[in-house]
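Okay, so here's the structure we're looking at.
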There are 2 protein chains.
Amino acid sequence: MRPTTKDLAKAAGVSLATIDRVLNGRSGVRQKTIDAVNEAIARIGFERNQVAATLARQKGYRFGFVVPRSGDEFLDVILKHISEFDQASRAEMIQTKIVRIDEHDPHRAAKTLSRLSADDYDGIAIMAPETPQIRDALHRMRERGIETVAIISNQQEEDSQSFVGIDNVAAGATAGRLMARFLGNVSGSILVLAETMQARDSLERRLGFDRVLTPNYPHLHALPTLETHGYQERTGVVLKNAFAAHDDIVGLYIMGSEARVAIDFAQQLRGGSKLITIAHERTPSTEQALRDNRLDALINQDPGHIVRSAVRTLRAKCENRETLASQERIRVEILLAENL
Amino acid sequence: MRPTTKDLAKAAGVSLATIDRVLNGRSGVRQKTIDAVNEAIARIGFERNQVAATLARQKGYRFGFVVPRSGDEFLDVILKHISEFDQASRAEMIQTKIVRIDEHDPHRAAKTLSRLSADDYDGIAIMAPETPQIRDALHRMRERGIETVAIISNQQEEDSQSFVGIDNVAAGATAGRLMARFLGNVSGSILVLAETMQARDSLERRLGFDRVLTPNYPHLHALPTLETHGYQERTGVVLKNAFAAHDDIVGLYIMGSEARVAIDFAQQLRGGSKLITIAHERTPSTEQALRDNRLDALINQDPGHIVRSAVRTLRAKCENRETLASQERIRVEILLAENL
DNA sequence: AAGTTTTTGAGGTACGCACCTCAAAATGAG
DNA sequence: CTCATTTTGAGGTGCGTACCTCAAAAACTT
C-alpha cells in the first residue's frame, strides 16, 4: 500500500497539519522540523497522490498562452492546437486561455504581461522574441507566483525546464545536411531567407546550416541571409534581385515560418532548372507545397506536442515536480510527402 | 461551474444512486430511465470528473505490456521506456507490468495470454506478430473484460483505437524516397533485407518502398527481399551472396530492427564505392552508425511515445472515452546525424 | 520569571465520485 | 386484487489531500 500523508505524519513524528505545511511550502515551520519530514519522506518513500491533491485543491489549473497579436499560418496552427487541448483537458481540470500581445511594441507587450494576475493564472507559456522588457516582465511574473515557460523561441535562459521547443541550431544543421544530400554533386549557390535576423531563432538556424555546409560541401555556397521583414511584396523583390545577381542558384532555404509567398515566387523565378527548396513548419500551405513537389523537405516541430508539453511543464512546476525529460523533448522532424 | 453528479441527478429527475448505476453500467435500471439520464447528460453537458473518480475507485489502473521473450535491441529500448514510464506514472495510480511470451510458439503464447485475469489487469498492450492463436486469445481476453491494444505490429483490425504504431507502408515509402533522393542520378540495384517476409510489418514496408521506387525511379532496381530469419551468420552469408551476384549494388534498405550486423557486413563487403544505407528503429548501435556515417538515414518510431500512447489508449477504453487522435498518432520519423 | 512570539497539534470540512445497504415504490404476473 | 419481482431512493462511508481555525506547547526576549 502506498504511504499516505497520515503514514508520513506518524513516521515523521509530527501532526498532519505540519505535514501539510511542509508539503505545500507554508510558513511557520522550523527548519529542523522540515528536515525531519523530508527525511521521513525519503525513508518511507512517500509520494503525494496527485489525483487526490487536485481533487482537494478543487481549482484545477489555469494556464495562459501568450502569443503575438498578428501572426502567420504557423501561429494559426498553434492556436488550433491550444483550443483543441483545452477541450480535451477540461475533464482533468485544466483551463487554457489565450492572451495576445503586441509583438512590435515591447513596451505595450510588457504592460499586458504585468496585468496578468496570479489570481487568474497559475502559469504562462509565452511565445515571443526576447527583449529586455519581456524578460523583466517575466521575471516579475515569477515573483508574483506565476510559473512561466517560453515556447518556440527561447528566452535567454538555457534552462531546459523553462523552454519548450526545438534546438534551432540542430534544425538548421538538419536543413543543411538535407540540402546538400538532395543536391548530390550539383554545385552552386544557396539562397537563405529569413523574416529578420534580429530573432534568435533565425540566427541559430543559420548557424547550424552553415556549420554543416561550409566544411563538408565546398561546392555549395550559401549566400548571405535575405530578410523579408514579414512583407510579402518585399519577399518578391528580394528574391528577384537575388536571382538576377546569381545565375547559379540551386537551393533555397526558407528559415522563417511564412514560407508560402517565398515558395511561389521561387517557383516562378527559377526557370526550368531544378531548385531544392527546404522550409520550416508544417502549415496547410507548406504541406500542400510538399505534396506538389514545390517543396523538397520540411523541417517541423510538432505544435500539438509543444502545447501539451508546455502545459505539462507548467503543471510540474506548480506541483514542484520534475518533468519526464524524454517526453518533453521536442523533436526536429523531417517531413517529406511520404511521411506527412 | 462544472455540473456534478448531483446536478445531473436533479436534471434527470432521479436519485444519485440511479445516476451511479447508469454511469457505471450497473444492472437493475429500466431502459427508459437510462435514456432519461443520458438525455440529461447531453442537455446539461455533464462530464464525469475523472480525478474524483479514480480517487474514489481507489484502484488506479494495472496495465500489462506483452512482449516477446527473446528480442533485439529495439525491444530493449521499448522495455527501458516501459519501466521509465512505470516510475513516472506511479503518482497517477497507473501500474505497468511486463509479460513475456514465446513468440515462436503461438500455442504457448496464447496459453500465457489466457492466464491473464481481469483481476490482475485492466488492459493489455501486446507486441506480437499476428497469428490465429493470438488473435483468438485477444478476443477472449476482451470478453473477460480486459481492454487490448496492439503496439508496433498491427493485429489485423485496422481500427485506429486498437493499434499504436506507425503506418508501415508510409514508412517504407519514406525510406524509398530518401534512398532515391540520396542516390541522385546514380543508377544500380538496391538490396532489401528483412528478418522474415511472414511478418506483416516487412510486407507493408516493402510495399511502400516499391510503390515509390518503381514508378518514379526507373534507373534504380530494388532486388527481391533477402530474409535473415534472425540469424546473424545467415545475414553475412546472404549479403555476401547478393554482393557476389550483383556488381551494381548502390543501396541497402534494412527493414528489420536488428540492423547492427547487416550494417557491419555491408560496410566490409561494399568495397570502396558509396552505398546508401537506410535502416529502421533507433537503438544504441543504429544511432552510432548514423553518427559514423555508416548509415545514411534512420526511419524511427518513438518508443517512448508508443508506450505512453498505448497506456493512454487503454485508459481511455477503460473509461469509455475517445482519445485525442492527433496526440496518439505515431509519426514516421526520419533521423539523420543532425537531428538525433 | 514573565511576557511575547513562533511553532505545533487536534480537529474539522470539503472536493466529486464509487460503492454499499436497506427500505420504499413501481411494475408485472397470476 | 394480491403477491412476487424489479426498480428506485435515501442515506451513508471512504478515497487522500487541501485548507481552515483555535488552542496548546515550545522557543525566544527582556
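Small disclaimer: the values here were computed from a predicted structure and weren't measured. Chain naming here is simple, since letters A, B, ... match the order of the sequence lines and numbering starts at 1 in each.
- Residue Thr18(A) places at least one side-chain N or O closer than 4.0 Å to OP1 or OP2 of dG9(C).
- Around CZ of Arg108(B), the count of heavy atoms belonging to other residues, nucleotides or ligands within 6.0 Å does not exceed 12.
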Q. Along nucleotides 14-28 of chain D, 5' to 3', which nucleotides get a B, which get an S, and which get a -, given that the test is a protein heavy-atom distance under 4.0 Å?
A. BBBBSB-------S-

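- Rounding to whole angstrom units, NZ of residue Lys10(A) and P of dG9(C) are separated by 15 Å.
- Residues meeting the side-chain contact (heavy atoms from CB on, under 4.5 Å) test with Ala36(B), sequence neighbours left out: none.
- A side-chain donor from one of Asn24(B) and Arg48(B) sits under 3.5 Å from a side-chain acceptor of the other.
- Using a 4.0 Å heavy-atom distance criterion, Gly13(B) is classed as a sugar-phosphate-only contact.
- Counting any heavy atom pair closer than 4.0 Å across all strands shown, Val14(B) reaches sugar-phosphate atoms only and no base atom.
- Between Ser162(B) and Lys317(B), the closest side-chain pair of non-hydrogen atoms falls below 4.5 Å.
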Q: Let me see the working for Glu39(A) and Arg43(A) under salt bridge (charged side-chain N to carboxylate O under 4.0 Å, His left out), right down to the final yes or no.
A: CA-CA 6 Å; Glu39(A) 180 274 330; Arg43(A) 180 156 46 82; 2.8 Å; yes

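- Under the side chain to side chain donor-acceptor pair (under 3.5 Å) test applied with Asn300(A), the options Arg282(A), Glu333(A), Arg331(A) reduce to a single match, Glu333(A).
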